[in-house]
K.L.:
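Next up is a structure, given as structure tokens.
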There are 2 protein chains.
Amino acid sequence: MTINVAIADDQKLFRKGMIALVNSFDDVKIIFEAENGKQLVDLLQAESEEIHIILLDLSMPEMNGLEALKIIKQSHPNIGVIILTIHEAEHHILSTIQAGANGYLAKNAEPEEVEKSIREVFKNDFYFTLPMLEIMRKGLIKKPQAASLDENESLLTPREKEVLQLICKQFSSAEIAEKLFLSNRTVEGHRNNLLLKTGSRNTAGLVLYALKHKLIEVDHFSN
Amino acid sequence: MTINVAIADDQKLFRKGMIALVNSFDDVKIIFEAENGKQLVDLLQAESEEIHIILLDLSMPEMNGLEALKIIKQSHPNIGVIILTIHEAEHHILSTIQAGANGYLAKNAEPEEVEKSIREVFKNDFYFTLPMLEIMRKGLIKKPQAASLDENESLLTPREKEVLQLICKQFSSAEIAEKLFLSNRTVEGHRNNLLLKTGSRNTAGLVLYALKHKLIEVDHFSN
DNA sequence: AGGTAACCAGGTATTTTTACCTAGTTTGTT
DNA sequence: AACAAACTAGGTAAAAATACCTGGTTACCT
């Protein structure tokens, strides 16, 4: 079976080179080419042949690769998209993966890797190199940094955390005191310690601290 | 060349079955087995043969797979670890990837997939199935709810948003007034309107509102 | 030309928070 | 037994936030 490939890249020479290279692979055929994202999307709509793989450059005029990727993934979720790029910036990689990219290929990659990536994406739906997986890992670690930060949580005593959580629920010190059967002054004391320990200037800082250290979740609140 | 594999799983029957299966593959050999994470780590230290792949169960007594994984990745970063599990919960997948897992294999997978995953991890250092990639993507996506909530943002005027952002940066009304060349009373007026419009009871509520409506980002703050 | 919304700003009063103190009790640890 | 840490709670004051008013200006829309 033949793998049908489309390519989008604004650099004509590079594009033509890639077309020649890809067509030299067994059972792999370039169906059409585009020189920007807009054209790619249009040609894809018009194309009658089924496209399996798209080689997509990120930096293109008119409509860049990321925008095109998002559109394509909506209309043709089954097409495997391999990002072609010189950029190795984490940001690019992460945002393309979020958008649904199936693979990533450096423009200075070996010809063998091009072939491999196409076949892998066709077969397994994705192809990522090891350094990329590392970047993905880093990207994943960013959000649930709870693990790295909840050591600091131990900076706060259980009672302080409890008070902090109630502060984040928009209760005043007096209300918190009532809830916890404490004196207002005690709660104010905890509050002061919280400000000191977290290095915050006021309630706003406390809420942000609580969020950063996963003591509360944004979604839990009603407004 | 032979791929040397170790396996850790507390269920003896399953473990023995996997050993038989894996040994049936060409040029793949089980070197040793462990029935919990602790034993795996110990045996790995003692082993003289080079281990290429570890098949690792997550739920094990004594020391679970995740803990073992972290330890192993520190001492033997080049060993490819494939997680064996019945769990398909996102949480497990994400935390194992963060810990450096090289692949993921459902316990009800086809025997062919077991072989494939071992060879892929050995060759490419990782093997993930499509649904897993989807989960990784979801984990990478920061806050896709933005679209649903930023309609409400128009509830606040530009000036109000500006004031709100400064409130979240822990500035007092007086400081905000100074920054924006306004009277303190004006800022207090904006503050009042913010409380009214957002339905908050105090500053804590304002910060949470700002977060929910993506007017600020948690990561941007220092404490 | 009138209406509306955003923006600015003042008055007055109360509540809440923040700052800087001290100090007793309990609990757990060495 | 001594010690530290957590929890409790009080005093005093200043600063800030909240509540409820009023009113003026500008800009934009119809």
K.L.:
Send over the distance from A/Phe181 CZ to D/dC7 P, rounded to a whole Å.
P.N.:
18 Å

K.L.:
Identify, with sequence neighbours excluded, every residue that meets side-chain contact (heavy atoms from CB on, under 4.5 Å) alongside A/Leu43.
P.N.:
A/Phe32, A/Ala34, A/Gln39

K.L.:
If only side-chain N and O atoms of A/Thr203 are considered, is one of them under 4.0 Å from the OP1 or OP2 phosphate oxygen of C/dT17?
P.N.:
no

K.L.:
Once each nucleotide of nucleotides 25-30 of chain C is scored for protein heavy atoms under 4.0 Å, what B/S/- sequence comes out, 5' to 3'?
P.N.:
------

K.L.:
Among residues 182-191 of chain B, which ones have heavy-atom contacts with DNA chain D below 4.0 Å?
P.N.:
B/Arg185, B/Glu188, B/Arg191

K.L.:
Does a side-chain N-to-carboxylate-O contact under 4.0 Å join B/Lys12 and B/Glu33?
P.N.:
no

K.L.:
Looking at five pairs on each end of the helix from C/dA1-D/dT30 to C/dT30-D/dA1, what is the angle between the two axes, given to 10 degrees?
P.N.:
50°

K.L.:
Give a yes or no on whether a salt bridge exists between B/Glu175 and B/Lys169, defined as a side-chain N under 4.0 angstrom from a carboxylate O.
P.N.:
no

K.L.:
Might you work through the side-chain contact (heavy atoms from CB on, under 4.5 Å) test for B/Tyr104 and B/Thr96, ending with a clear yes or no?
P.N.:
CA-CA 9 Å; B/Tyr104 219 86; B/Thr96 50; 3.3 Å; yes

K.L.:
With a 3.5 Å distance limit and no angle check, can you tell me whether A/Asp10 reaches the backbone of A/Met60 through a side-chain donor-acceptor pair?
P.N.:
no

K.L.:
Given C/dA6, C/dT17, D/dC7, identify the nucleotide with an atom nearest to the side chain of B/Thr157.
P.N.:
C/dA6

K.L.:
Measure from the side chain of A/Ser173, starting at C-beta and using heavy atoms only, and say which of C/dT17, D/dC7, D/dT18 lies closest.
P.N.:
C/dT17

K.L.:
B/Glu178 has an atom CD; how far is it from atom C1' of D/dA16, in whole Å?
P.N.:
15 Å

K.L.:
Are the side chain of A/Glu47 and the backbone of A/Glu49 linked by a donor-acceptor contact shorter than 3.5 Å?
P.N.:
yes

K.L.:
Is the backbone N or O of B/Leu196 less than 3.5 Å from a side-chain atom of B/Ser200, with the two atoms forming a donor-acceptor pair by type?
P.N.:
no

K.L.:
Calculate the interatomic distance between A/Leu206 atom CG and C/dT16 atom P; express it in whole Å.
P.N.:
17 Å

K.L.:
Write down the distance between CG (A/Asn193) and P (C/dC21), rounded to a whole number of angstrom.
P.N.:
14 Å

K.L.:
Report the distance from atom CG of A/Leu194 to atom C1' of C/dT18, rounded to the nearest whole Å.
P.N.:
13 Å

K.L.:
Taking CG from B/Leu195 and C1' from D/dA17, how many angstroms apart are they, rounded to a whole number?
P.N.:
9 Å

K.L.:
Who pairs with A/Lys197 by side-chain hydrogen bond (donor to acceptor under 3.5 Å, both in side chains), at least two apart in sequence or on another chain?
P.N.:
A/Glu160

K.L.:
Starting at NZ of B/Lys197 and ending at C1' of C/dC7, how long is that distance when rounded to a whole Å?
P.N.:
11 Å

K.L.:
Would you mind checking if B/Lys107 and B/Asp9 are paired as a salt bridge, meaning a charged N to carboxylate O distance below 4.0 Å?
P.N.:
yes

K.L.:
Just jot down the side-chain contact (heavy atoms from CB on, under 4.5 Å) partners of A/Ser173, sequence neighbours excluded, or say none.
P.N.:
A/Asn184, A/Val187, A/Glu188, A/Arg191

K.L.:
Would you call B/Glu162-B/Arg159 a salt bridge at under 4.0 Å N-O?
P.N.:
yes

K.L.:
Give the rounded distance in Å between these two atoms: CD1 of A/Ile176 and P of D/dA9.
P.N.:
14 Å

K.L.:
Would you tell me if any nitrogen or oxygen in the side chain of A/Arg201 comes within less than 4.0 Å of OP1 or OP2 on C/dT18?
P.N.:
no

K.L.:
Does either side chain, that of A/Lys73 or that of A/Asn78, offer a donor lying less than 3.5 Å from an acceptor on the other one?
P.N.:
no

